[in-house]
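In this chain, numbering begins with 1 at the start of the sequence shown. Because only heavy atoms are used, hydrogens play no part in the values below, and waters and symmetry mates are left out as well, while side chains stay in.
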Amino acid sequence: QVQLVESGGGLVQAGGSLRLSCTPSGDIFRIIRINVMGWYRQAPGKRRELVASITRGGSTNYVDSVKGRFTISRDNAKNTVYLQMDALTPEDTAVYYCNAESGTGSERYWGQGTQITVSA
């Protein structure tokens, strides 16, 4: 099986920065099938939303609210995805979940979630 190991969550003040990372661990046969990796977030009382995603080829997608502030990147050699978060606001407060999906969409993995709290 595949586990997504997340790191980088925490508490910051508005205007600050955080960097999240997510690295798959486990079955290499399944890990190498991963194409899209990204980050979702879920704030209290709200549904989980896609924040940013990136394909193995480098195509990116961002939710409008983070464009210009967040940057997603990946290291294909390590199958690791990063999310650089700058100019954070209290509205970014949420649990952030790493996500990975195979090219066919038949395999999908989730991280355990990491709390991001931005104080005013």
Side-chain angles (χ1 to χ4, degrees):
Q1 191 54 268
V2 174
Q3 302 292 320
L4 301 181
V5 182
E6 304 166 332
S7 64
L11 172 65
V12 298
Q13 295 185 9
S17 298
L18 286 172
R19 182 175 174 86
L20 302 179
S21 65
C22 173
T23 302
S25 177
D27 189 344
I28 188 63
F29 178 73
R30 291 181 169 83
I31 290 174
I32 62 177
R33 295 180 183 175
I34 293 172
N35 180 25
V36 180
M37 299 187 72
W39 296 90
Y40 287 72
R41 67 184 179 188
Q42 188 164 26
K46 299 181 65 177
R47 64 175 297 186
R48 190 172 298 184
E49 69 171 352
L50 176 67
V51 179
S53 65
I54 183 168
T55 68
R56 184 172 294 274
S59 297
T60 59
N61 186 35
Y62 298 91
V63 67
D64 286 345
S65 60
V66 309
K67 289 180 179 177
R69 300 188 298 118
F70 290 11
T71 303
I72 190 168
S73 62
R74 66 190 290 169
D75 181 343
N76 287 332
K78 298 191 296 185
N79 293 295
T80 296
V81 64
Y82 306 92
L83 186 66
Q84 178 66 41
M85 302 181 291
D86 298 321
L88 286 161
T89 76
E91 288 67 43
D92 295 315
T93 295
V95 177
Y96 285 67
Y97 298 89
C98 183
N99 171 260
E101 185 176 308
S102 66
T104 64
S106 61
E107 299 170 6
R108 188 176 180 89
Y109 310 103
W110 290 95
Q112 66 178 351
T114 184
Q115 177 70 48
I116 301 296
T117 301
V118 184
S119 62

Closest approach of Ser21 and Ser7, non-hydrogen atoms and distance? OG-OG, 2.7 Å

Please confirm whether the backbone N or O of Val118 pairs with a side-chain atom of Thr93, one donor and one acceptor, at under 3.5 Å? yes

Separation between CZ of Arg74 and OG1 of Thr60, rounded to the nearest 0.5 Å: 12.0 Å

Close side-chain approach of Asn76 and Arg56, heavy atoms under 4.5 Å: yes

Aromatic plane relationship, Trp110 with Tyr97 - under 30° parallel, 30 to 60° tilted, over 60° perpendicular: perpendicular

So if you build clusters from Ile, Leu, Val, Met, Phe, Trp, Tyr with side-chain heavy-atom gaps below 4.5 Å, do Val63 and Phe70 land together? yes

Residue pair Thr89 / Arg69, side-chain heavy-atom distance below 4.5 Å: yes

Taking C-beta and beyond as the side chain, do Asp75 and Tyr82 meet within less than 4.5 Å on heavy atoms? yes

Heavy-atom side-chain contact between Glu6 and Trp39 under 4.5 Å: yes

Tell me if the CD atom of Gln112 is crowded by more than 12 foreign heavy atoms within 6.0 Å. no

To the nearest 0.5 angstrom, please state how far the CZ atom of Arg30 sits from the CD atom of Glu107. 6.0 Å

Minimal non-hydrogen separation, Ala100 against Leu4, with atom names: N-CD1, 3.8 Å

Min side-chain heavy-atom separation Ile116-Met85 under 4.5 Å: yes

With rounding to the nearest 0.5 angstrom, report the CD1 to CE distance, Ile54 to Met37. 10.0 Å

Give the minimum heavy-atom separation between Lys46 and Gln42, together with the two atoms involved. O-NE2, 3.0 Å

Minimum heavy-atom separation for Ala94 and Ala43, please, with both atom names. CB-N, 3.8 Å

Hey, any chance Leu18 and Leu83 share a hydrophobic cluster, counting ILVMFWY side chains that come within less than 4.5 Å of each other, even indirectly? yes

Closest heavy-atom contact between Pro24 and Ile34? CG-CD1, 4.1 Å

Check Cys98 against Val81 and note the closest heavy-atom contact, atom names and distance. SG-CG1, 4.0 Å

Same apolar cluster (I L V M F W Y, side chains within < 4.5 Å links), Val66/Ile72: yes

To the nearest 0.5 Å, how far apart are CD in Gln3 and SG in Cys22? 10.5 Å

Linked, directly or transitively: Leu50 and Val95 (ILVMFWY side chains, under 4.5 Å): yes

Side chain to side chain donor-acceptor pair (under 3.5 Å), that's the test. Do Asp86 and Gln84 meet it? Break it down for me. CA-CA 7 Å; Asp86 298 321; Gln84 178 66 41; 3.0 Å; yes

If Ile, Leu, Val, Met, Phe, Trp and Tyr residues are connected whenever their side-chain heavy atoms lie under 4.5 Å apart, and connections chain through other members, are Tyr109 and Ile32 in the same group? yes

Indicate yes or no for a side-chain donor-acceptor contact from Ser106 to the backbone of Thr104 under 3.5 Å, with no hydrogens or angles considered. no

Looking at CZ of Arg41 and CZ of Arg48, how far apart are the two atoms once the value is rounded to the nearest 0.5 Å? 13.0 Å

